[in-house]
Amino acid sequence: MYTDTVNTLPDRFSAIELASKSIRFSMPSDLQTGALLKTLVGSKPKARVLEIGTGTGLATAWLLAGMDADSSLLSIDNDATYQAVADNILGDDTRLQLLCTDAGTWLENEKQTQQFDLIFADAWPGKYANLDAALGTLSAGGMYVIDDMLPQPNWPEGHAEKVDKLVADLESRDDLQLVKLAWSTGILIATKK
């Protein structure tokens, strides 16, 4: 039977999930999003990948599971406690670089010098702020992926309007081709022309 159930998890995913629960991390990407990220990054050999919002590393594990041996992943978060989980469990993977800093400032400083083949923006910077800077680091043919576009129980008052504005901004750009998926938590994938 055909379902969208995810049965195979990345190596060390369960350890990250357990550690996330122990520190009450409550913002994980869901399994369908992770499986999609693994598939998308697998289409990009020798990729340079940027994850904005490491959290505890749940999506990071999916990205690493899909990447080939010649790809690299830079994952940025401003919360050292959360990112320490990813570092403790995934930090021995030589393809992974974890950076604990303000992603918005980093994007603004690096938008002219860095290029990425896939960006997963799962934090405020690169999504609701610093969007032009994030897209400035996306290479031609690169994919920009965001989740949580469908209403979520943890959305604060007024957040739906921010989502609508972000989607409208992305749809109005002539340098992107995009698709909105009313699946999982609501996924938007844009490819840079």
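Only heavy atoms go into these numbers, but all of them, side chains included; no hydrogens, no water, no symmetry mates.
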Practice item. Would you check, one step at a time, whether the test side chain to side chain contact (heavy atoms under 4.5 Å, CB included) holds for W106 with L99? Key: CA-CA 10 Å; W106 186 91; L99 182 60; 3.5 Å; yes
Out of curiosity, does [Y] fall in the hydrophobic cluster containing [X] (side-chain heavy atoms, cut-off under 4.5 Å, transitive links)?
X    : Y    : result
V179 : L40  : yes
L131 : L50  : yes
M143 : L107 : no
L178 : L138 : yes
L36  : L170 : no

Are any non-hydrogen side-chain atoms of [X] and [Y] less than 4.5 angstrom apart?
X    : Y    : answer
L64  : P10  : no
L166 : L188 : no
M149 : K180 : no
I146 : F120 : no
L135 : L176 : yes
L150 : T185 : no
T33  : D122 : no

Of all heavy-atom pairs between [X] and [Y], which one has the smallest distance, and what is that distance?
X    : Y    : answer
K38  : V41  : O-CG1, 3.5 Å
L90  : G57  : CD1-O, 3.7 Å
L74  : F116 : CD2-CZ, 4.1 Å
G126 : A134 : CA-CB, 3.7 Å
L58  : S20  : CD1-OG, 4.1 Å
I189 : I187 : CG1-CG2, 3.9 Å

Taking the side chain from [X] and the backbone from [Y], do they hold a donor-acceptor pair closer than 3.5 Å?
X    : Y    : answer
Q115 : G136 : yes
R12  : A61  : no
S71  : R48  : no
N130 : A133 : no

Pair [X]-[Y], side-chain donor/acceptor within less than 3.5 Å:
X    : Y    : value
Q114 : T137 : no
S184 : D147 : no
T60  : E51  : yes
E110 : T113 : yes

Practice item. Identify, with sequence neighbours excluded, every residue that meets salt bridge (charged side-chain N to carboxylate O under 4.0 Å, His left out) alongside D174. Key: none
Practice item. May I ask you to check whether over 12 heavy atoms, not counting those of K192, lie within 6.0 Å of atom NZ? Key: yes
**Study point:** D68, CG atom: more than 12 neighbouring heavy atoms under 6.0 Å
**Key:** yes
Check your understanding: In this structure, which one of K127, K111, R173 forms a salt bridge (charged side-chain N to carboxylate O under 4.0 Å, His left out) with D132?
Key -> R173
Measure the spacing between [atom1] of [X] and [atom2] of [Y] and express it to the nearest 0.5 Å.
X    : Y    : atom1 : atom2 : result
L37  : L63  : CG    : CG    : 5.0 Å
I119 : Y144 : CD1   : OH    : 8.0 Å
D93  : D87  : CG    : CG    : 11.5 Å
Q97  : I76  : CD    : CD1   : 8.5 Å
R24  : Y82  : CZ    : OH    : 10.5 Å

Practice item. Please step through side chain to side chain contact (heavy atoms under 4.5 Å, CB included) for the pair T54 and L96, ending with a clear verdict. Key: CA-CA 11 Å; T54 311; L96 175 62; over 6 Å; no
Check your understanding: Can you list the steps and then say if L9 with W62 is a side chain to side chain contact (heavy atoms under 4.5 Å, CB included)?
Key -> CA-CA 8 Å; L9 301 175; W62 284 106; 3.8 Å; yes
Check your understanding: How are the rings of W124 and H159 set to each other: parallel, tilted or perpendicular (split at 30° and 60°)?
Key -> tilted
Practice item. Kindly indicate, with the supporting measurements, whether the criterion side chain to side chain contact (heavy atoms under 4.5 Å, CB included) is fulfilled by D79 and Q83. Key: CA-CA 6 Å; D79 190 309; Q83 198 177 57; over 6 Å; no
